[in-house]
Amino acid sequence: MKSILDKQDFSNLDKNEIIELLQLRGSDELNLFKKANKIRLRYRGDRVYLRGIIEYSNICKKNCLYCGIRSGNKNLTRYTIKDEEFYEAVNFAIKHRYGSIVIQSGENTSTAFIDKMTEYIKEIKRISIGKLGITLSLGEQSKETYQRWYEAGAHRYLLRIEESHPELYKKLHPQDDIHDFDKRYRCLVDLKEIGYQLGTGIMIGLPYQTIEHLADDLIFMKNLDIDMCGMGPYIEHPDTPLYKYKNNLLPIKERFSLTLKMIAILRLMMPDINIAATTAMQAIDPMGREKALQAGANVLMPNITPKKYRDEYLLYKNKPNIDKNPDDNICCIESRIRIAGFRIGYDEWGDSLHYFRNKKGI
Ligand code: 5AD
Ligand code: SF4
C-alpha cells in the first residue's frame, strides 16, 4: 500500500495529510523522523547552531493561564539581572564561540526596559565586534520599539503565537486588552515588515487542543512564511489556573512524541527554516533535545543565565539544568551533539536560509 511518506513534495501538505502524518506510530513514525532528518541535512547540512539564552527578568506584565511566571503567581521571587551579570553571560557566549545569543524576558513595555535593551543590543555588538548574532524574545511591543531594537543591531525576533486559533487562544489567556490574539498577530506582521528574521511557535498538548488544531497551527506558520520556529510540549505548572486540567491532558510521553512529529512535519513543509530543539523537550526526556535534532531541528539554545536566577524562571514544572553552571554545560553539549550525529556551527550566526532566499525573491 502506498504510504503518505512516499510523497515527492511535502511543501504543500494539506490539513488531512498533516493529520495523517501526526497520527503515524511505530516504524512509520520513525520513518517520518528519518525523512525529516534527510531533508534537514540536504537543506541545512549537519550543523547545529547555538544561541546562548539569557533570561533577563521574570517580571511580566501578563498573566497567561499556563505560565509559571505570570504576574498573578506570588510564589516566586521576581528578579532582573544586573548589568555586570548580563555582560558576564555575553562574554561567556563569546568565549565559547556560541555565535548568537537570545535575550528573553517576561513582558515589560516601560521606557526604562526599552532603553536598557537598546543599550544592551548596541553594547553586545560593540564588545563582540559585531560577531554575536542577536535574537530577541521580549514579547509584544510597539512597532517603534521593534524598529529601535532592529536599528540597534538585533536581527531575529521570537514571538510564539502559542496557539493559532483565536477561540482557543482566548481560553488560555485572561479576557482583557493585553491578552489579545489580533494584537499578537499584528506584532508578528510588524516584525516581518521591519525586516527581522521572524520566529514563532506554539505549545503542544494544551487543554482543549486537538490534532486538527495542530495541523492548522502548522499551516498558520507556513502561511505566515516564518523563518524560525520554536515549539515545545505544554507542561503543567501547579501555580497556574490551567493546572486544574492536569488529569485531562494527553499523557506527557504522547505530548513529547507529538512535538517530535510537529517538528518533523514542519521541516518537510519548510525545509530551509531554523527549528529549535527546545528546553521543554529535555524536561520530559533527558535525550529530548537530541531526539528533536534527529527529527529535523537544527538550533539549540543553551541556558547561560546566571545560576542564582534559574529557579525563578520556571515557566513550567521540571525545567532542566537549573542546578548547573553555564561552564558545566559546554563539553556536555558538544559531546551530546556529536553523539546525535551533528556538528556545532561554532562562531556562526546560522541564520535562516529561508529569510535570505525570500529577500532575493527566489
Ligand atoms: N509549558 C510549556 N511551555 C510554556 N511556556 C510558558 N508556559 C509554559 C508551560 N506551562 C512557553 C510559552 C512562551 C515561552 C517563553 O514559554 O510558549 O512563549
Ligand atoms: Fe509572561 Fe510569556 Fe509567561 Fe505569558 S508566557 S506570562 S507573556 S512570560
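When a ligand or atom number is given, it counts from 1 through the structure's own listing order.
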shortest atom 16 (O) of ligand 1-to-protein heavy-atom contact is with L315 CD1, 3.4 Å
To check your reading of the model: name the closest protein heavy atom to atom 7 (N) of ligand 1, its residue, and the distance in Å. Y66 CD1, 3.4 Å
For I344 and I333, the nearest pair of non-hydrogen atoms, with its separation, is CD1-CG2, 4.2 Å
Using a strict threshold of under 4.0 Å (side-chain N to carboxylate O), is an ion pair present between D239 and K74? no
Please confirm whether F86 and Y120 have ring centers closer than 6.0 angstrom. yes
When distances are taken from atom 11 (C) of ligand 1, the protein heavy atom at minimum range is R160 NH1, 3.6 Å
Atom 10 (N) of ligand 1: which protein heavy atom is closest, and how many Å away? I235 O, 2.8 Å
Between Y346 and H96 (judged by ring centroids, cut-off 6.0 Å), do the two rings come close enough to count as a pair? no
Is the closest side-chain donor-acceptor distance between R78 and N58 under 3.5 Å? no
Is there a heavy atom in P233 that sits closer than 4.0 Å to ligand 1? yes
Which heavy atom of R40 sits nearest a heavy atom of V48, and at what distance? NH2-CG2, 3.9 Å
Please state which option from E236, M231, E162 has its nearest heavy atom closest to atom 13 (C) of ligand 1. E162
Any salt bridge between K183 and E140, counting N to O under 4.0 Å? no
Going by the atom numbers of ligand 1, which of them fall below 4.0 Å from some non-hydrogen atom of Y234? 1 (N), 2 (C), 9 (C), 10 (N)
Salt bridge between D182 and R186, side-chain N to carboxylate O under 4.0 Å? no
How are the rings of W149 and Y157 set relative to one another: parallel (under 30°), tilted (30 to 60°) or perpendicular (over 60°)? parallel
If you count the atoms of ligand 2 from 1 in the order shown, which ones are under 4.0 Å from a heavy atom of Y66? 5 (S)
Closer than 2.8 Å to atom 1 (Fe) of ligand 2, which protein N, O or S atoms? C60 SG
Please report the C-alpha distance between Q294 and E290 in whole Å, then the side-chain angles of each, then the deciding distance to 0.1 Å, and finally whether the side chain to side chain donor-acceptor pair (under 3.5 Å) criterion is met. CA-CA 6 Å; Q294 289 167 331; E290 288 78 357; over 6 Å; no
Logged contact type for A280 with ligand 1, heavy-atom cut-off 4.0 Å, is neither
Inspect the contact between R25 and E254 and indicate whether a charged nitrogen and a carboxylate oxygen are less than 4.0 angstrom apart. yes
If we number the atoms of ligand 1 from 1 as shown, the ones under 4.0 Å from a heavy atom of Y316 are 1 (N), 2 (C), 3 (N), 4 (C), 9 (C), 10 (N)
Got a protein heavy atom sitting under 4.0 Å from atom 2 (Fe) of ligand 2? no
Any side-chain donor-acceptor pair under 3.5 Å between N274 and D227? no
Is ligand 1 less than 4.0 angstrom away from at least one heavy atom of M203? yes
